[in-house]
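Residue numbers start at 1 and run along the sequence shown. First listed ligand is number 1; within each ligand, the first listed atom is number 1.
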Amino acid sequence: MTRRPYIVGNWKMHGTRAMLSEARAIDRAAQRHMKVEVALAPPFTLIHPIHREAEQIAVGAQDCHQAEGGAFTGDISATMIADAGAKFVILGHSERRQGHAEGDEIVRAKAQSALAVGLRIIMCCGESAETRESGKAVAFVKRQLKASLPPADEMPADVAERLTIAYEPIWAIGTGTAATTDDIAEMHSAIRALLIELFGDEQGAEVRIIYGGSVKPENAAEIFAVPDVGGALVGGASLTADSLMGIALAASEPFDG
Ligand code: 13P
């Protein structure tokens, strides 16, 4: 890893104001782990309260609508999350692709809309168990990413600053069993090659690729030792400061020597 490891907590649909104390604890701990970039994506309702208090961590959203505004009952635009204090947005998570029928085209439109208002994006990709068993995981993820990312000529010049890729195999999410380090290594290297093809040697090599799917303090160190793993997108283990910072600590260790 040439850049600071990026550890992002995705709280999913967890968290009321009672969780603000946990966010505070994460923020305080992040100030002691400056070699790691820690960020939190709480539910929409907690973006502003966390942003208001946070001194170290960036706050982001878990989704946004592709339109700037209009008659879209229940939806939230990129402008609105930015206004609430979000600095980034997670897009194309499998729980949105599956549960909300978001196809690559919608995900791409969301990315364009988020980038247009200055947000950073975390673009998720990942195959199902069935696709992995069929031996087509790498081809699937490359195709999915290519179709979900805006074309290179529409990306900001500082692509590597604005874009992070999160590889999250669906079968590893919330199951307690992360992908093997061999599987992660193979996929991250294929994604790196694609990023270089799309965005050129310089930017393509610098875009962070983070892994998600049952990352916890116990397995984080071995995952971070895999080449081209630039951090983690963490679900369940991000809900307490102790476990999220246990993961952050594992990410900072290789840099302590
Ligand atoms: P878990 O860490 O709970 O497996 O969730 C991963 C994830 O989906 C993060 O976006």
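Short contacts between ligand 1 and Gly213, defined as distances under 4.0 Å to a heavy atom of the residue, involve ligand atoms 4 (O), 6 (C). The Ser214 neighbourhood of ligand 1 comprises atoms 1 (P), 2 (O), 4 (O), with distances under 4.0 Å to a heavy atom of that residue. Listed by number with element, the atoms of ligand 1 under 4.0 angstrom from any heavy atom of Glu168 are 6 (C), 7 (C), 8 (O), 9 (C), 10 (O). Near Gly236, meaning under 4.0 Å from any of its heavy atoms, are these atoms of ligand 1: 1 (P), 2 (O), 3 (O).
Checked by atom type and distance alone, the side chain of Arg17 never pairs as donor or acceptor with a backbone atom of Leu46 at under 3.5 Å. For the pair Arg120 (side chain) and Thr164 (backbone), a donor-acceptor distance under 3.5 Å is absent.
Some N or O of Gly174 is nearer than 3.5 Å to an N or O of ligand 1, by distance alone. Any N or O atom pair closer than 3.5 Å counts here, and Leu233 shares no such pair with ligand 1. The shortest N or O to N or O distance between Asn10 and ligand 1 is below 3.5 Å.
For Ala237, the heavy-atom gap to ligand 1 stays at 4.0 angstrom or more. For Lys216, the heavy-atom gap to ligand 1 stays at 4.0 angstrom or more. Using a 4.0 Å heavy-atom cutoff, Gly212 is absent from the residues neighbouring ligand 1.
In terms of protein heavy-atom proximity, atom 2 (O) of ligand 1 is nearest to Gly235 N, 2.9 Å. At the shortest separation from atom 5 (O) of ligand 1 among protein heavy atoms lies Lys12 NZ, 3.2 Å.
Residue Glu154 qualifies as enclosed at atom CD: its count of foreign heavy atoms under 6.0 Å is above 12.
The shortest heavy-atom contact between Ile165 and Leu163 is CD1-CD1, 4.0 Å.
Inspection of the Ser148 and Asp104 side chains reveals an N or O donor paired with an N or O acceptor under 3.5 Å. Checked by atom type, the side-chain pair His93/Glu168 shows a donor-acceptor distance below 3.5 Å.
Summarising the geometry, atom CG belonging to Leu149 is positioned 10.0 Å from atom CG belonging to Leu91; distances are rounded to the nearest 0.5 Å.
A salt bridge is absent between Arg97 and Glu102: the closest approach of a Lys/Arg side-chain nitrogen to an acidic carboxylate oxygen does not fall below 4.0 angstrom.
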